[in-house]
Amino acid sequence: MWDYAWNRVAVADISLTPLLDDPTVLIVAADHRLARKRYTTMADLADEDWIVRAHDHPVAEVLERSCRAAGFTPKIAFEANDYQEAQAMVSVGLGIALAPRTAVRNPNPDVRVLALGADVPARRVLLAHRQDRLRAPAELAMHQLLVDVAREYQTKL
């Protein structure tokens with residue numbers, strides 16, 4: 001599971017283990033003016049056209065909140081159904097997009113991924129299990145494996 005600070009997951013009888021904070025990154029075309037940078041800020045993006053996830057996806061709220069905090073309203077050019085579609089649209093210059101870092105681990109070859117820093121909200125990735133049942137040894141082992149992998153991944157971000 002995953003959530004953002006303004007809409008935390010809270011379910012009765014479910015135990016949550018935070019695995020990692022997944023930073024939000026910027027996706028630009030390989031020929032975009034920022035493509036050679038590794039980092040930028042939202043303030044540098046006020047005049048850009050944006051591609052956003054469709055159907056009130058939470059990353060659209062990340063975009064709205066981040067742009068508002070930087071002092072501008074985003075110009076939405078297109079909506080995408082998933083992060084791969086958003087990358088394809090970005091790759092041909094239709095706009096730029098936000099995505100969680102884990103959603104672009106294998107980026108389209110015609111896009112670049114830039115860090116945005118702590119000013120843009122990260123999503124929290126969680127492991128959930130029911131509290132009302134006995135956990136099998138295999139489930140406990142898988143839980144520990146996911147915690148260990150997430151810890152290792154987090155140190156590489």
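All values derive from a computational prediction rather than experimental measurement.
- Across Asn108 and Gln87, no two heavy atoms sit closer than the pair N-OE1, 2.6 Å.
- The number of heavy-atom neighbours closer than 6.0 Å to CG of Asp56, taken from other residues, nucleotides and ligands shown, is 12 or below.
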inquiry  = I'd like to know whether Ile14 forms a side-chain contact (heavy atoms from CB on, under 4.5 Å) with Arg130, so could you lay out the CA-CA distance, the side-chain angles of the two residues, the decisive distance to 0.1 Å, and finally the verdict.
reply    = CA-CA 5 Å; Ile14 298 290; Arg130 291 175 38 182; 3.8 Å; yes
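- The main-chain N or O of Pro109 is found under 3.5 Å from a side-chain atom of Arg112 such that the two form a donor-acceptor pair.
- Between Asp22 and Arg101 no salt bridge is recorded (no basic side-chain N to carboxylate O distance below 4.0 Å).
- Counting non-hydrogen atoms of other residues, nucleotides and ligands closer than 6.0 Å to NZ of Lys37 gives a total of 12 or fewer.
- Thr102 and Arg123 form a side-chain donor-acceptor contact under 3.5 Å, judged by distance and modelled atom types alone.
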key: Test side-chain contact (heavy atoms from CB on, under 4.5 Å) applied to Thr17 and His143, step by step   = CA-CA 9 Å; Thr17 303; His143 178 107; 3.1 Å; yes
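- In the hydrophobic cluster analysis, where Ile, Leu, Val, Met, Phe, Trp and Tyr join through side-chain heavy atoms closer than 4.5 angstrom, Leu94 is grouped apart from Leu26.
- A donor-acceptor pair under 3.5 Å is formed between the side chain of Gln154 and the backbone N or O of Asp21.
- Around CZ of Arg33, the count of heavy atoms belonging to other residues, nucleotides or ligands within 6.0 Å exceeds 12.
- Summarising the geometry of Ala122 relative to Tyr4, their closest heavy-atom pair is O-CD2, 3.4 Å, with the distance given to 0.1 Å.
- In this structure, CG in Leu114 is found 10.0 Å from CZ in Arg38, a value given to the nearest 0.5 Å.
- Judged by the 6.0 Å and 45° rule, Arg65 forms a cation-pi pair with Trp6.
- Rounding to the nearest 0.5 Å places CG of Leu126 at 7.0 Å from CG of Leu19.
- The one candidate from Thr40, Val25, Asp44, Thr41 that meets the side-chain contact (heavy atoms from CB on, under 4.5 Å) condition with Leu116 is Thr40.
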inquiry  = Using the rule given for side-chain contact (heavy atoms from CB on, under 4.5 Å), can you reason through Val120 versus Val62, listing the C-alpha separation, both sets of side-chain angles and the distance that settles it, and then say yes or no?
reply    = CA-CA 7 Å; Val120 179; Val62 170; 3.8 Å; yes
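- For the residue pair Ala97 and Ala86, the shortest heavy atom distance occurs at CB-CB, 4.5 Å.
- Using a 4.0 Å cut-off between charged side-chain N and carboxylate O, Glu61 and Arg53 make no salt bridge.
- Across Val111 and Pro107, no two heavy atoms sit closer than the pair CG2-CB, 4.0 Å.
- Under the 4.5 Å side-chain heavy-atom criterion for ILVMFWY residues, a single connected hydrophobic cluster contains both Val52 and Phe72.
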query = Can you check side-chain contact (heavy atoms from CB on, under 4.5 Å) on Leu63 and Ile76, steps first, answer last?
reply = CA-CA 10 Å; Leu63 176 64; Ile76 307 299; 3.7 Å; yes
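- For the atom pair CH2 of Trp2 and CG of Leu20, the computed distance is 13.0 Å after rounding to the nearest 0.5 Å.
- Between His32 and Glu48, the side chains place a donor N or O and an acceptor N or O closer than 3.5 Å (distance only, hydrogens not considered).
- Between the side chain of Ser15 and the main chain of His129, no donor-acceptor pair closer than 3.5 Å is present.
- Side-chain contact between Ile96 and Ile51 is absent, with no heavy-atom pair separated by less than 4.5 Å.
- Rounding to the nearest 0.5 Å gives a distance of 8.5 Å between OG of Ser66 and CG of Asp119.
- Atom CD of Glu64 and atom CH2 of Trp50 lie 10.5 Å apart (nearest 0.5 Å).
- The backbone N or O of Asn81 lies less than 3.5 Å from a partner atom in the side chain of Glu85, making a donor-acceptor pair.
- Within the 4.5 Å cutoff, side-chain heavy atoms of Arg124 are placed close to those of Arg8.
- Annotation: the span from Arg68 atom CZ to Met42 atom CE amounts to 11.5 Å, rounded to 0.5 Å.
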